[in-house]
There are 2 protein chains.
Amino acid sequence: MTAIRGARERARSEITAAIKDEARRQLAAEGAAKLSLRAVARELGMASSALYRYFPSRDDLLTALIVDAYNAVGEAAEAAGDTARDTARGPSAGRPLARWSAICAAVRDWALAHPHEYALIYGSPVPGYHAPRSTTEPAARVGLALIGVVRDAHAAGALKEPAEPLPDPVVGDALALAAELGVELPGAVMARLIGAWAQLFGLLSFELFGQFNGVVEARTEFFEQSVRQLARGVGLTTPR
Amino acid sequence: MTAIRGARERARSEITAAIKDEARRQLAAEGAAKLSLRAVARELGMASSALYRYFPSRDDLLTALIVDAYNAVGEAAEAAGDTARDTARGPSAGRPLARWSAICAAVRDWALAHPHEYALIYGSPVPGYHAPRSTTEPAARVGLALIGVVRDAHAAGALKEPAEPLPDPVVGDALALAAELGVELPGAVMARLIGAWAQLFGLLSFELFGQFNGVVEARTEFFEQSVRQLARGVGLTTPR
DNA sequence: CAAAAACGAGAGCAGTGCTCTTGCTTTCGC
DNA sequence: GCGAAAGCAAGAGCACTGCTCTCGTTTTTG
C-alpha cells in the first residue's frame with residue numbers, strides 16, 4: 001500500500017511514531033493529565049514547536065493515543081476470543097461461555113496492565129468532549145467480539161432467548177444496531193448484549209479506579225463470577 | 001456544635017464556602033481539567049496566593065468538591081429511596097423493585113444534571129491516584145441506599161435468593177462487608193449486590209461519556225430496563 | 001534549475017500551580 | 001490593656017505548560 005515515496009515521507013512517519021511512542025511512555029508513567037508536549041519534544045531532542053508539524057495540538061496527540069488504545073484492547077479481546085473458539089474443539093466443542101469469559105478476562109488483563117490507557121478511553125473524556133469520528137470504529141471492537149460469541153451461539157442453537165418482553169424503543173435500537181452490523185440476532189438478545197457490554201466496563205472501572213478498595217478483595221474471582229452472570233443474562237447457557 | 005468563636009473563624013468558613021462555590025461553578029461549566037485556582041481567585045477578587053490559605057493545593061480543592069459530589073448523589077439516592085418506600089404504602093406496599101428503580105433513576109438524573117461532577121467522582125481519578133480517607137464514607141452512600149432496599153426486602157421475605165453457588169472468596173468478601181455494615185444478608189445476595197452497584201455505574205458512564213452515541217437512542221427506557229434486570233439479579237422479584 | 005512546499009529552531013505570549021517575602025489585622029497570654 | 005504570636009492578603013517571582021510566529025534551511029516538485 002504505502003510505497004516509499006521519498007526519504008521525507010519515511011522520516012515523517014518514523015518521527016510520528018517516535019512521538020507517539022514517547023507520548024505513550026509518558027502516558028503509562030504519569031497519566032494523561034501529566035502528558036506534556038514539551039516534555040515529549042525534550043525527550044526526543046527536538047524543539048517543542050517542531051512537534052506541531054506532526055500533531056497540530058495536544059488533543060490530536062491524545063486522540064491518536066486513544067485510537068491506539070482502543071485497537072490494543074480490541075485486538076486483545078479478539079485474539080482471546082479466537083483462540084478460545086479454536087481451542088474448544090472436540091468433545092467440549094462450542095462452549096460460548098468459555099469464549100465469552102476469555103474475552104472479558106483478556107480485556108481485564110489489558111486494563112490492569114495499562115491502567116492509564118484504560119482511563120484514557122473508558123474514564124472521563126479528557127479533551128473538549130466529543131470524540132472524533134475516527135475513534136468510533138476502533139472503540140467498537142470489544143463489543144463486536146462479544147457480539148460474535150453470541151452470534152455463533154445463536155447460530156448453533158445454543159442460545160436461550162430471554163422470555164420476558166422489552167420496551168419497544170429498546171428493541172428498536174437493538175434491531176437497528178444489529179442490522180447496521182449485519183448480524184442476525186433477536187432484539188431482546190441484542191439489547192441485553194449492549195447492557196452487558198456497558199456493565200462489563202462498569203466492573204472494570206470500579207476495580208481500576210479504586211472503588212472496590214476495602215470492598216472486594218478477591219478481584220479476579222469476583223470478576224469472573226460477574227462475567228458469568230452477564231453471560232447468563234444474554235442467554236449463554238452455563239455448562240455443567 | 002460550632003459556636004461562633006469570632007469574626008475571624010466565621011469569615012474563614014464563609015470564604016472557604018465561596019471558594020468552593022466558585023470552583024463548583026467552573027467545574028460545572030468547563031470540567032475538572034480546566035478548573036484553575038487563579039481563575040477562581042480572580043473571580044472572587046482576591047490574589048491567587050491568598051487562596052492557598054484555604055486550600056493547600058489544587059488537589060485539595062478538588063478533593064473537597066469530590067466529597068461534596070459524593071454527598072450530593074448520595075443524598076439524591078437516599079431521598080428517592082425514602083420517598084419511594086413511604087409512598088408505596090397500602091395495597092401495593094413493600095415494592096422493593098420500585099424503590100430500587102427510584103434510587104437508580106435518581107442517580108441517573110443527578111448524573112445527567114451534573115455531568116462534570118459525575119465525571120469527577122466516577123471517571124478517571126484526576127490527581128495522583130489514591131483517594132483520601134475522607135472520601136470513602138460519602139462514596140458509599142449510593143451503595144448503602146441500594147443495600148437498604150435489599151435488606152428490607154429480605155427482612156420482609158420478598159427476596160428470592162439466587163440458587164447457584166458462588167466462589168468461596170467472593171462470598172467471604174461479601175460477608176465481611178455485610179458484617180462491617182451490620183446488615184444481615186446472605187453472602188450470595190451481598191455479592192450480587194456489589195456487582196449490580198458497579199454495573200449500574202457502568203451503564204451511567206457509558207451513557208454520559210458518549211459510548212452509547214449511535215448505539216442506544218432510547219436512553220431512559222434502556223436504563224430502566226437494565227436496572228430492572230440488575231434488580232432481578234440480586235433477587236428482587238418483579239411484580240406483575 | 002528555480003519555485004514551492006515542508007521543516008526545525010528560537011523567541012515570545014498568555015496562562016498555570018505554587019512559594020516566598022512583606023506588611024497588616026485579629027487573636028491570645030500575661 | 002498591651003505586647004507577642006498567629007492568621008491573613010497581596011505582590012513578585014519561579015518553573016512549567018500549550019501554542020503561535022518568524023526566520024533560515026532543506027527537500028520536493030513543476
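Residue numbers begin at 1 in each chain, while the letters A, B, ... track the order of the sequences.
Distance B/Asp59 CG to C/dT16 C1': 14 Å, rounded to the nearest Å. The CG atom of B/Leu35 sits 17 Å away from the P atom of C/dG15 (whole-angstrom rounding). In this structure, the OH atom of A/Tyr52 is 15 Å from the C1' atom of C/dG10, given to the nearest Å. Rounded to whole angstrom, the span from the CZ atom of A/Arg38 across to the P atom of C/dC13 amounts to 13 Å. Atom CD in B/Glu9 sits roughly 12 Å away from atom C1' in C/dT26 (whole-Å rounding). Between A/Arg58 atom CZ and D/dC16 atom P the separation is 17 Å, expressed in whole Å.
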Go through it in stages, so that I can follow the logic: the residues are A/Val215 and A/Phe206, the test is side chain to side chain contact (heavy atoms under 4.5 Å, CB included), and I'd like the CA-CA distance, side-chain angles, deciding distance and then a yes or no.
CA-CA 11 Å; A/Val215 178; A/Phe206 264 36; over 6 Å; no
Just do the side chain to side chain contact (heavy atoms under 4.5 Å, CB included) check on B/Ser48 and B/Leu37 with the steps written out, would you?
CA-CA 7 Å; B/Ser48 66; B/Leu37 283 191; 6.0 Å; no
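Applying a 4.0 Å cut-off to non-hydrogen atoms, the residues of residues 14-29 of chain B that approach DNA chain D are B/Ile15, listed by residue number. Taking every heavy atom of residues 42-51 of chain A and every atom of DNA chain D, pairs under 4.0 Å involve A/Arg42, A/Ser48, A/Ser49, by number.
The shortest distance between side-chain heavy atoms of A/Ile15 and A/Ile19 falls below 4.5 Å. Residues B/Trp197 and A/Gln211 form a side-chain contact, since some pair of their non-hydrogen atoms from C-beta on lies under 4.5 Å apart.
Among the protein residues, B/Phe55 comes within range of no part of the nucleic acid, since none of its heavy atoms lies under 4.0 Å from any strand. Residue-level contact check: A/Leu61 touches neither bases nor backbone, having no heavy atom under 4.0 Å from any strand.
At least one donor-acceptor pair closer than 3.5 Å links the side chain of A/Thr136 to the backbone N or O of A/Arg133. Between the side chain of A/Trp110 and the backbone N or O of A/Ala69 there is no donor-acceptor pair closer than 3.5 Å.
A/Ser57 has no side-chain polar atom (N or O) that falls below the 4.0 Å cut-off from OP1 or OP2 of D/dG18. For C/dC7, neither phosphate oxygen OP1 nor OP2 lies less than 4.0 angstrom from any side-chain nitrogen or oxygen of A/Tyr54.
We find that A/Arg25 and A/Glu22 are joined by a salt bridge, their nearest charged nitrogen and carboxylate oxygen being less than 4.0 Å apart.
Taking CD1 from B/Ile121 and CZ from A/Phe209, the interatomic distance works out to 13.0 Å, rounded to the nearest 0.5 Å.
Looking at A/Asp60 and A/Ser57, their side chains do bring a donor and an acceptor atom within 3.5 Å of each other.
Where A/Arg53 and B/Arg12 meet DNA chain D, the nucleotide closest to each residue was compared, and B/Arg12 sits on the side nearer the 5' end.
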